[in-house]
Amino acid sequence: HVQLVESGGGSVQAGGSLTLSCEASADRYRANCIAWFRQAPGKEREGIAEIYTGGGSSYYANSMKGRFTISSNNAKNQVSLQMNNPKPEDSGMYYCAIVKGRSYCSASYLTTTLAFGTWGRGTQVTVS
(Lines give C-alpha, C1' and ligand atoms only; values in the text may rest on other atoms or scores of the structure.)
Protein backbone atom coordinates (compact mmCIF):
# COMPACT_ATOMS: atom_id res chain seq x y z
CA HIS A 1 0.00 0.00 0.00
CA VAL A 2 1.09 3.59 -0.58
CA GLN A 3 2.82 4.92 2.51
CA LEU A 4 3.47 8.56 1.60
CA VAL A 5 1.42 10.83 -0.63
CA GLU A 6 2.35 14.43 -1.37
CA SER A 7 -0.17 17.05 -2.46
CA GLY A 8 -0.61 20.79 -2.76
CA GLY A 9 1.82 21.47 -5.55
CA GLY A 10 1.04 23.73 -8.48
CA SER A 11 1.88 27.13 -9.85
CA VAL A 12 2.47 30.09 -7.59
CA GLN A 13 3.69 33.60 -8.19
CA ALA A 14 6.96 34.71 -6.72
CA GLY A 15 6.36 36.30 -3.36
CA GLY A 16 3.16 34.37 -2.80
CA SER A 17 2.72 31.35 -0.58
CA LEU A 18 2.05 27.69 -1.01
CA THR A 19 1.60 24.87 1.45
CA LEU A 20 2.43 21.30 0.58
CA SER A 21 1.09 18.30 2.46
CA CYS A 22 2.46 14.83 3.00
CA GLU A 23 0.02 12.24 4.22
CA ALA A 24 1.46 9.08 5.69
CA SER A 25 -0.14 5.80 6.55
CA ALA A 26 -0.84 5.66 10.26
CA ASP A 27 1.73 2.99 10.99
CA ARG A 28 4.48 4.94 9.26
CA TYR A 29 3.53 8.37 10.60
CA ARG A 30 3.69 7.61 14.27
CA ALA A 31 6.94 8.50 16.08
CA ASN A 32 9.02 8.93 12.97
CA CYS A 33 11.21 11.53 11.39
CA ILE A 34 9.59 12.81 8.21
CA ALA A 35 11.36 15.21 5.90
CA TRP A 36 10.82 17.29 2.82
CA PHE A 37 13.28 17.30 -0.06
CA ARG A 38 13.18 18.96 -3.42
CA GLN A 39 14.78 18.36 -6.78
CA ALA A 40 15.10 20.84 -9.61
CA PRO A 41 15.71 19.63 -13.16
CA GLY A 42 19.32 18.64 -13.63
CA LYS A 43 20.13 19.03 -9.95
CA GLU A 44 20.52 16.70 -7.03
CA ARG A 45 17.77 16.17 -4.52
CA GLU A 46 18.30 18.47 -1.54
CA GLY A 47 16.91 18.42 1.96
CA ILE A 48 14.70 21.23 3.20
CA ALA A 49 13.36 20.38 6.65
CA GLU A 50 12.37 17.48 8.86
CA ILE A 51 10.14 16.97 11.86
CA TYR A 52 9.78 14.29 14.49
CA THR A 53 6.11 13.34 14.66
CA GLY A 54 6.45 11.97 18.17
CA GLY A 55 7.45 15.26 19.72
CA GLY A 56 7.51 18.02 17.16
CA SER A 57 11.21 18.82 17.14
CA SER A 58 12.27 20.04 13.73
CA TYR A 59 15.40 20.89 11.78
CA TYR A 60 16.03 22.94 8.68
CA ALA A 61 18.83 22.91 6.16
CA ASN A 62 20.85 26.08 6.68
CA SER A 63 20.01 27.45 3.26
CA MET A 64 16.31 26.87 3.85
CA LYS A 65 15.89 28.53 7.23
CA GLY A 66 13.33 31.30 7.20
CA ARG A 67 12.05 30.34 3.77
CA PHE A 68 10.09 27.25 4.72
CA THR A 69 8.05 26.19 7.71
CA ILE A 70 7.45 22.55 8.53
CA SER A 71 4.63 21.38 10.78
CA SER A 72 2.81 18.22 11.70
CA ASN A 73 -0.82 17.32 12.28
CA ASN A 74 -1.06 14.10 14.23
CA ALA A 75 -4.83 13.89 13.84
CA LYS A 76 -4.42 13.72 10.06
CA ASN A 77 -1.09 11.88 9.89
CA GLN A 78 0.18 14.82 7.86
CA VAL A 79 3.37 16.78 7.65
CA SER A 80 3.07 20.12 5.90
CA LEU A 81 5.63 22.43 4.32
CA GLN A 82 4.79 26.09 3.93
CA MET A 83 6.74 28.01 1.33
CA ASN A 84 7.36 31.59 2.40
CA ASN A 85 8.05 34.18 -0.28
CA PRO A 86 8.86 31.59 -2.93
CA LYS A 87 11.25 32.41 -5.75
CA PRO A 88 11.57 30.94 -9.25
CA GLU A 89 14.59 28.93 -8.09
CA ASP A 90 12.29 27.12 -5.67
CA SER A 91 10.61 25.40 -8.60
CA GLY A 92 10.99 21.65 -8.75
CA MET A 93 9.59 18.39 -7.55
CA TYR A 94 8.99 18.21 -3.82
CA TYR A 95 9.16 14.91 -2.00
CA CYS A 96 8.52 13.76 1.52
CA ALA A 97 10.42 10.89 3.03
CA ILE A 98 10.72 8.87 6.22
CA VAL A 99 14.09 8.28 7.84
CA LYS A 100 15.13 4.65 7.95
CA GLY A 101 16.30 2.78 10.98
CA ARG A 102 15.89 5.69 13.38
CA SER A 103 13.01 6.98 15.49
CA TYR A 104 14.39 10.50 15.87
CA CYS A 105 15.53 13.39 13.73
CA SER A 106 19.02 14.77 13.27
CA ALA A 107 20.08 17.80 11.28
CA SER A 108 22.66 15.66 9.52
CA TYR A 109 19.94 13.56 7.89
CA LEU A 110 19.02 16.45 5.62
CA THR A 111 22.43 16.37 3.99
CA THR A 112 21.86 13.05 2.27
CA THR A 113 19.01 11.11 0.72
CA LEU A 114 20.63 7.89 1.95
CA ALA A 115 19.24 8.44 5.43
CA PHE A 116 15.70 7.99 4.13
CA GLY A 117 14.16 4.71 3.09
CA THR A 118 10.58 5.56 2.14
CA TRP A 119 9.69 8.20 -0.41
CA GLY A 120 6.54 9.60 -1.87
CA ARG A 121 6.14 10.20 -5.58
CA GLY A 122 6.44 13.94 -5.26
CA THR A 123 4.42 17.01 -6.11
CA GLN A 124 5.48 19.58 -8.69
CA VAL A 125 5.91 23.24 -7.76
CA THR A 126 6.40 25.98 -10.31
CA VAL A 127 7.20 29.51 -9.16
CA SER A 128 7.01 32.26 -11.75
Side-chain angles (χ1 to χ4, degrees):
H1 66 285
V2 178
Q3 297 178 323
L4 291 174
V5 179
E6 301 93 338
S7 62
S11 297
V12 61
Q13 289 190 339
S17 66
L18 191 68
T19 299
L20 309 179
S21 293
C22 171
E23 183 172 352
S25 57
D27 61 327
R28 296 310 311 275
Y29 176 88
R30 186 171 53 250
N32 252 321
C33 182
I34 299 179
W36 281 95
F37 280 73
R38 72 179 183 189
Q39 187 167 20
K43 294 188 176 181
E44 293 186 353
R45 197 169 296 188
E46 60 179 341
I48 301 172
E50 62 187 10
I51 191 166
Y52 176 59
T53 62
S57 59
S58 59
Y59 297 92
Y60 293 84
N62 288 336
S63 62
M64 307 295 181
K65 290 179 181 178
R67 305 187 56 236
F68 296 89
T69 302
I70 193 169
S71 61
S72 61
N73 184 329
N74 292 350
K76 296 183 178 181
N77 295 333
Q78 281 185 352
V79 171
S80 296
L81 184 72
Q82 179 177 325
M83 303 177 67
N84 306 311
N85 190 24
K87 303 175 182 179
E89 52 264 40
D90 291 321
S91 297
M93 188 70 79
Y94 283 69
Y95 301 89
C96 61
I98 301 175
V99 72
K100 61 181 178 181
R102 299 287 189 271
S103 59
Y104 55 86
C105 287
S106 171
S108 63
Y109 295 162
L110 292 173
T111 64
T112 174
T113 59
L114 297 178
F116 297 84
T118 302
W119 293 83
R121 295 184 177 182
T123 186
Q124 179 69 41
V125 173
T126 302
V127 184
S128 59

Worked check of side chain to side chain contact (heavy atoms under 4.5 Å, CB included) between Arg38 and Asp90 = CA-CA 9 Å; Arg38 72 179 183 189; Asp90 291 321; 2.6 Å; yes
Just so I know, are the side chains of [X] and [Y] near enough to count as touching, which here means a heavy-atom distance under 4.5 Å?
X      : Y     : answer
Leu20  : Cys22 : no
Val127 : Ser91 : yes
Tyr29  : Ile98 : no
Tyr104 : Ser57 : no

query = Within 45° of the axis and under 6.0 Å from the centre of the six-membered ring of Tyr109, does NZ or CZ of Arg102 qualify?
reply = no
Are [X] and [Y] linked, directly or through other ILVMFWY residues, by side chains that come within less than 4.5 angstrom of each other?
X      : Y     : result
Trp119 : Val5  : no
Ile70  : Val12 : yes
Met64  : Leu18 : yes
Tyr60  : Trp36 : yes
Ile34  : Met83 : yes

Could you pull out the closest heavy-atom pair between [X] and [Y], with the gap in Å?
X     : Y     : result
Ala97 : Leu4  : CA-CD1, 3.7 Å
Lys65 : Asn62 : NZ-OD1, 3.3 Å
Ala61 : Gly47 : CB-O, 3.4 Å

Measure the [atom1]-[atom2] distance between [X] and [Y] for me, rounded to the nearest 0.5 Å.
X      : Y      : atom1 : atom2 : value
Ile51  : Tyr59  : CD1   : OH    : 11.5 Å
Gln3   : Asn77  : CD    : CG    : 12.5 Å
Leu81  : Thr19  : CG    : OG1   : 8.0 Å
Thr118 : Lys100 : OG1   : NZ    : 9.5 Å
Ile48  : Ser63  : CD1   : OG    : 9.0 Å
Thr112 : Glu46  : OG1   : CD    : 13.0 Å

message = Within a 6.0 Å radius of atom CD on Gln124, are there more than 12 heavy atoms belonging to other residues, nucleotides or ligands?
response = yes
task = Give a yes or no on this: more than 12 heavy atoms of other residues, nucleotides or ligands lie within 6.0 Å of atom CD of Glu89.
result = yes
inquiry  = Given 3.5 Å as the limit, does a donor-acceptor pair link the side chain of Thr53 with the main chain of Ala31, or not?
reply    = yes
task = Take Leu110 and Glu50, measure what side chain to side chain contact (heavy atoms under 4.5 Å, CB included) needs, and give me the verdict at the end.
result = CA-CA 7 Å; Leu110 292 173; Glu50 62 187 10; 3.8 Å; yes
ask   = Are side-chain N/O atoms of Ser80 and Asn73 paired as donor and acceptor at under 3.5 Å?
value = no
request  = For the pair Arg121 and Glu6, find out whether any cationic side-chain nitrogen is under 4.0 Å from an anionic carboxylate oxygen.
outcome  = no
task = Measure centre to centre between the rings of Phe116 and Phe37, then say whether the value is under 6.0 Å.
result = yes
